[in-house]
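Report on the following structure.
In what follows, every heavy atom counts, from backbone to side chain, and hydrogens, waters and symmetry copies are set aside. A note on names: the letters A, B, ... follow the listed sequences, proteins ahead of strands, and every chain is numbered from 1.
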Amino acid sequence: MENISIKSSPETPYFPEVNFDAGTGICEIAGESYMEETYKFYLPLTTWIKEYISNIKGRIELNIKLIYLNTSSTKCILDILETLKDYEDNGGKVNVIWFYDKEDPDMIDEVEDFEAESGIKIEMRELV
Amino acid sequence: MLTYRGPFYIELISVFGNNVRNYTSTYGNANKKLFRIFIELSQNVSNYSEDFHLINNESRIGVGELNLVEFDSHFKFTTKNLVKKSDSKILTNRCDLINASSLMELRQLKREQRINSPGEKFGARIGLIQAVMLSQNKLEYQCEDVDDRFAYLSLTVKIDKN
């Protein structure tokens with residue numbers, strides 16, 4: 001299974017940086033996410049996680065360092081969290097960590113909503 | 001501060017949005033909120049305007065207007081786009097529902113709509129709720145008939161500076 005590596009670019013700040021590592025199960029999404037046709041960007045990420053769950057069956061750590069995501073992206077992130085929750089309910093080991101800016105109460109509310117909607121525990125860590 | 005009329009390409013929305021974010025960087029409360037509302041409402045125009053360009057017979061880029069005005073204590077951000085007359089009542093009823101809801105009710109509505117939204121190309125359909133939750137001010141809206149098929153919908157959100 002191949003890794004996913006998408007680098008950020010100043011020309012396209014609406015795409016986040018993505019690093020999914022099949023060897024360690026550590027997945028990171030960072031930056032900002034407000035591209036057009038959000039589902040086309042996130043579909044390979046969701047597919048990768050489902051394949052990892054089916055084939056490798058290892059621990060997954062999802063680190064989210066998004067400082068802004070539009071509402072279309074929130075739907076895609078929720079889909080990923082629901083997939084991880086299903087995995088966890090079936091015995092998979094999952095850690096979700098959301099890195100947040102303490103000066104951004106709206107994002108803290110958003111993460112609380114993700115936790116309530118997906119049912120998965122999200123550890124909050126302050127961005128440094 | 002900023003007025004634009006034309007197609008709402010993401011490249012353009014992003015450049016405008018980042019300039020607005022840089023310009024308002026001294027306003028702690030308004031800075032992040034204004035950028036987020038700017039992107040959300042602009043993408044509503046891009047996704048849902050009935051006047052649109054079709055790129056490669058696939059990607060749909062809505063055409064409309066935006067206007068950002070600075071006042072002493074707040075900013076006002078307005079978007080305008082064409083809607084079907086048959087949809088205009090649904091949209092204004094939706095604005096009324098959002099305006100009549102408390103912050104907690106909006107949060108609940110947002111959760112319900114996000115979970116139940118069809119996803120994919122339809123997005124989450126919670127942009128207006130999000131804009132009002134961020135600004136904590138009522139939506140101002142107007143819908144004027146253009147002809148027997150279309151109307152022009154105008155949405156304004158006020159963002160307090162502090």
Side-chain angles (χ1 to χ4, degrees), chain A residues 8-16 31-47 50 66-83 85-86 100-120 122 127, chain B residues 7-15 17-19 21 28-29 31-44 46-48 55 58-62 103-104 106-131 133-136:
Chain A
S8 64
S9 158
E11 282 81 42
T12 53
Y14 34 86
F15 288 111
E32 297 193 297
S33 177
Y34 58 97
M35 71 292 290
E36 286 168 348
E37 299 183 309
T38 316
Y39 65 100
K40 281 190 182 170
F41 179 83
Y42 278 94
L43 184 61
L45 308 188
T46 311
T47 303
K50 287 178 177 168
L66 289 171
I67 57 168
Y68 170 60
L69 64 169
N70 67 356
T71 53
S72 291
S73 300
T74 66
K75 176 70 181 164
C76 299
I77 292 289
L78 184 61
D79 289 343
I80 290 175
L81 295 175
E82 286 171 341
T83 301
K85 173 65 176 159
D86 285 345
Y100 72 100
D101 173 1
K102 66 177 180 180
E103 312 263 304
D104 189 0
D106 294 319
M107 184 63 89
I108 296 169
D109 287 348
E110 191 74 78
V111 179
E112 286 174 5
D113 286 347
F114 279 133
E115 202 168 43
E117 286 168 56
S118 67
I120 201 160
I122 302 177
L127 267 173
Chain B
F8 277 45
Y9 292 102
I10 182 61
E11 295 84 357
L12 205 62
I13 293 171
S14 178
V15 168
N18 280 295
N19 277 314
R21 180 156 57 181
N29 184 57
N31 181 241
K32 288 188 179 73
K33 289 178 186 288
L34 179 55
F35 174 76
R36 291 169 181 179
I37 291 167
F38 185 95
I39 296 294
E40 205 63 55
L41 293 190
S42 297
Q43 290 193 315
N44 263 356
S46 183
N47 293 335
Y48 303 122
I55 312 295
E58 191 185 359
S59 297
R60 182 188 193 285
I61 306 295
L103 203 55
M104 287 311 293
L106 287 175
R107 200 167 176 183
Q108 189 57 37
L109 191 62
K110 179 180 150 187
R111 284 181 181 180
E112 286 166 10
Q113 297 226 192
R114 180 157 56 194
I115 282 179
N116 296 322
S117 77
E120 295 203 343
K121 65 182 177 181
F122 299 104
R125 298 208 158 171
I126 52 176
L128 287 184
I129 300 173
Q130 182 73 357
M133 284 178 67
L134 286 168
S135 75
Q136 300 190 20

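Between A:E110 and B:R114 there is a salt bridge, with a side-chain nitrogen of the basic residue lying less than 4.0 Å from a carboxylate oxygen of the acidic one. In summary, A:D109 and B:K110 do not engage in a salt bridge, as defined by a charged side-chain N under 4.0 Å from a carboxylate O.
Looking at B:I129, neither its backbone nor its side chain comes within 4.5 Å of chain A, counting heavy atoms on both sides. When heavy atoms are compared at a cutoff of 4.5 Å, A:E11 does not approach chain B at all. Only the backbone of B:Y9 comes within contact range of chain A, with at least one heavy atom under 4.5 Å from a heavy atom of that chain. With a threshold of 4.5 angstrom between heavy atoms, A:M107 approaches chain B through its backbone and through its side chain. A:E37 touches chain B through its side chain: at least one heavy atom from C-beta onward sits under 4.5 Å away, while N, CA, C and O do not.
With chain A as partner, the option from B:K33, B:R107, B:K32 having the largest number of non-hydrogen pairs under 4.5 angstrom is B:R107. Among A:N70, A:D113, A:D106, the residue with the largest count of heavy-atom pairs under 4.5 Å with chain B is A:D113.
With rounding to the nearest 0.5 Å, the separation of OG in B:S46 from CD in A:E36 is 5.0 Å. Between the CD1 atom in A:I67 and the CZ atom in B:R36 there is a gap of 8.0 Å [rounded to 0.5 Å]. Atom CD1 of B:I10 sits about 6.0 Å away from atom OH of A:Y14, to the nearest 0.5 Å.
Closest of all the heavy-atom pairs between B:E40 and A:Y68 is OE1-OH, 3.6 Å. Closest of all the heavy-atom pairs between A:M35 and B:Q43 is O-NE2, 3.9 Å.
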